[in-house]
Amino acid sequence: MSIGMKKIVAMLLALLMVFAVVACVNQDEESSDTDATETTTVADDAKDDEGNDDDKTPTPDGGDDNQTPTPDGGDDNQGGDDNQGGDNNQGGDEPAPAPVPVPKAFDLIKGGKAQFVLVSKNDHCDAYAEELAAALSEKTDVLFVTKEKPSSGEKAIYIGNDPKSVLGSKVSDLTYNGYVLYEMNGHIYAMGHTTDTIKAAGNALLEAITPDTCTAENGKLTVTLPGSLISMKNPESYPYRDAKLLGESLSKYVIVLPANYTVYDRFVADELIAKIGADTGYKLEYIKDSKMSAAEYRIVIGKTNYEYSTTIYENVQKDGYLIQNQDKYVYIAFDNYLVSGETPEVIVELYRANANTVNAAKTFDYSSYLFERSEGTNLRLMSNNVTVILDALSYEQANDIEYTDRLEILSQVYLKYLPDFVGLQEMQQGKIYESEGYFFDELMARVGHKYDLLGQHNRMTAILYQKDVWKLEASGQGQFNGMHPWYWGLFSRIDDPSVKVIVMDVHYAGESAKFNPNDKNADGPAEYEGLTNGQVINRIYKDLEAQYAGVPIFIMGDLNSKYSDGNFNATIKDTTLNSASKLVRDEHGNPAWGDHYTAESLNHGMFANPIDHILIPTDKAEALAYRFLNEGLLRISSGHRPIMADIKISPVSSGAGNGMDWGNGVAPGN
């Protein structure tokens, strides 16, 4: 063959190779798993100097406990980086994803064995990591486990937030409501800025397990997931991406808190971060006033060391808030929890209107701020277990909240909703033991102008009742064991003594607990021996029903029992009692409990199946409305949330034979 012919053949072969490469790339692009409503960026699978050693693989919160966590991490070092909060790259149009090679497929399961362990060092994600591991195991019949960190040689799926601390510039385009699955050094990172987006990333792995990705050899499962799964997915657009405040994009702002910020300050900051993120896609950071930042625009919350903080707090009114700007800084000042909850909404309204100046103030009148009762209501009941149990879906440091702060939050909620009766449980926990009666004294100092209390300092269950509406006529008490007592009270209305109710407040020890009269902490007759908690209260209920014929009896409290459990069913056996959460339906006919859970039950996966109850005698009363109160700072005021029911009592059954209209059930002067 001549030299010229050899050159021509070589050129043809080169062209064929180019066409083959183009065809392969097109085929890969057509088969990649993208959503028409999402912008998908395939993560770079190039190796990085970060985490080369298995023992040093960065964890979702940065791999080191001293790494800077995200704003919901609660670490004092948070936001200390001068570059945080003022990233100019966040503003403007979202950059188009650069075309990069699709990562190779990977084996999630091989030969019947999981190829990854699930890891989360961030408390927010621990519960979900366990939930995902359980879901993977259930779907595949292959055991997946969670660990604090992988052993040498193990591959991990990291479940966590703050992806930039781990993956750096590789995820700089991740927006607030987006998520990323990234592969690095054989490990996979399922990450996002929020709990919901972290779950979306983890669930993407779970949902990718389909018949098409599963094979079996010798009866052993192999699951091979496509490389296209390793990607970043952001919403296509945000409604207020171009919103401005004081003439500048919100991406240029940083939030500033006092060095010793309060739970109120923290709550406002987190609400702002969430609302701005959902509106714009920008992930704002916060710093403390003792830290430096390159950001020119700041939202300053609380009593910081900035000079204007003193000025604005001197001018804020009692039970009010004040929001003003001085040059490029926006200052937020507030007097208490109830008003602090409205300040993020004000900021939202301002930036949605592209405000160039800020000047907003409001003072609250509690008498007009009461939560309106359902039409026909003549009795409102609330039950609240006030113990602190870490809520995996909110703040990491819930257990560190001072009792004075928690009492302030709870007492303001009681005054806002103004129930006739509040059943309280677990009032002596942690710091409470340092001073007997601390909870009672501090609580009554806040609500004593409205309420009186049926209870004792050395017990953990008590009933608050509106003292200008109800008069206590008789009462009784008992105790299952050390921390699980009960109370009941017979009450008559002050404006019509013929109207009577009996309210019981209980806290059960658990399904297996039985009454033991020989227990030094037990309080009750020997005839209760061997009875479960539910059986004891059922007997007391029937005794009271016989003694006070026609008077409606309500039971509320922490039954530590779901609808299908023994204690719940033992309590209502051979009675007309039922839980208000089951009796009330929404406009679609669904049960009213909706997303009712407690942090305590949340960690066991018991969503929408409450263990706190308000039991109503359906032959003497009607449940008009039921609410699970999860607003604002209630997320960290307790491991449980208050539950509330609006009730209509039959006039005949209650003894109110005149059929009087009780209106909202609020005494004059409230």
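If you read the sequence from its start, that first residue is 1, and numbering goes on from there.
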Looking only at heavy atoms, what is the nearest atom pair of [X] and [Y], with distance?
X: Ala190; Y: Gly202; answer: CB-N, 4.1 Å
X: Val166; Y: Tyr189; answer: CG1-CE2, 3.5 Å
X: Met191; Y: Ala201; answer: N-CB, 3.8 Å
X: Leu246; Y: Tyr329; answer: CD1-N, 4.3 Å
X: Ala259; Y: Asp289; answer: N-OD1, 3.1 Å
X: Leu245; Y: Tyr253; answer: O-OH, 2.6 Å

Query raised in the report: Are the charged groups of Lys328 and Glu248 less than 4.0 angstrom apart, N to O?
Result: no
**Report entry** Short N-O contact, Arg266 and Asp270, less than 4.0 angstrom
**Finding:** yes
Query raised in the report: Between Ser340 and Thr343, does a side-chain hydrogen bond (donor to acceptor under 3.5 Å, both in side chains) hold up when you go through it step by step?
Result: CA-CA 6 Å; Ser340 73; Thr343 57; 5.9 Å; no
Find the distance between [atom1] ([X]) and [atom2] ([Y]) and round it off to the nearest 0.5 Å.
X: Leu322; Y: Ile332; atom1: CG; atom2: CD1; answer: 10.5 Å
X: Gln324; Y: Asn359; atom1: CD; atom2: CG; answer: 5.0 Å
X: Leu381; Y: Ile614; atom1: CG; atom2: CD1; answer: 5.5 Å
X: Ile273; Y: His193; atom1: CD1; atom2: NE2; answer: 11.0 Å
X: Tyr176; Y: Leu284; atom1: OH; atom2: CG; answer: 10.0 Å
X: Tyr158; Y: Lys149; atom1: OH; atom2: NZ; answer: 9.0 Å

Report task. Test side-chain contact (heavy atoms from CB on, under 4.5 Å) on Leu132 and Tyr128 and set out the steps. Result -> CA-CA 6 Å; Leu132 180 59; Tyr128 176 64; 3.9 Å; yes
Counting C-beta onward and ignoring hydrogens, is there a side-chain heavy-atom pair between [X] and [Y] closer than 4.5 Å?
X: Val119; Y: Ile159; answer: no
X: Ile255; Y: Ile287; answer: no
X: Leu118; Y: Lys147; answer: no
X: Lys288; Y: Val256; answer: no
X: Thr262; Y: Asp265; answer: yes
X: Asn385; Y: Leu424; answer: no
X: Tyr351; Y: Lys244; answer: no
X: Ile347; Y: Val330; answer: yes

Please check: side-chain N/O of [X] versus main-chain N/O of [Y], any donor-acceptor pairing under 3.5 Å?
X: Asn325; Y: Thr357; value: no
X: Tyr179; Y: Leu174; value: no
X: Arg627; Y: Pro642; value: no
X: Tyr282; Y: Arg241; value: yes

Just by distance, no angles: are the side chains of [X] and [Y] close enough, under 3.5 Å, to form a donor-acceptor pair?
X: Tyr414; Y: Asn384; answer: yes
X: Glu442; Y: Ser411; answer: no
X: Ser169; Y: Ser172; answer: no
X: Asp646; Y: Ser374; answer: yes

**Report entry** CG/Asn260: more than 12 non-hydrogen atoms of other groups inside 6.0 Å
**Finding:** no
Query raised in the report: Which word best sums up how the rings of Tyr331 and Tyr306 line up, parallel for under 30°, tilted for 30 to 60°, or perpendicular for over 60°?
Result: perpendicular
Report task. May I ask you to check if Lys303 and Tyr313 form a cation-pi contact, with NZ or CZ under 6.0 angstrom from the six-membered ring centre and within 45° of the axis? Result ->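 Yes, Lys303 and Tyr313 form such a contact.
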Report task. Begin with the C-alpha distance, continue with both residues' side-chain angles, and end with the deciding distance and a verdict on salt bridge (Lys or Arg N to Asp or Glu O under 4.0 Å) for Lys252 and Glu296. Result -> CA-CA 7 Å; Lys252 303 296 179 66; Glu296 294 184 55; over 6 Å; no
**Report entry** Chi angles and distances behind the side-chain contact (heavy atoms from CB on, under 4.5 Å) call for Leu415, Lys450
**Finding:** CA-CA 8 Å; Leu415 293 174; Lys450 296 289 186 186; 3.6 Å; yes
Requested in this report: Kindly indicate, with the supporting measurements, whether the criterion side-chain contact (heavy atoms from CB on, under 4.5 Å) is fulfilled by Gln425 and Met460.
Outcome: CA-CA 6 Å; Gln425 307 94 41; Met460 299 181 64; over 6 Å; no
Requested in this report: Report the residue from Asn177, Thr175, Asp173 that forms a side chain to side chain donor-acceptor pair (under 3.5 Å) with Asn234.
Outcome: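 So the option named by the test is Thr175.
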Query raised in the report: Passes side-chain contact (heavy atoms from CB on, under 4.5 Å), Gln317 versus Asp335? Steps please.
Result: CA-CA 7 Å; Gln317 299 295 309; Asp335 183 57; over 6 Å; no
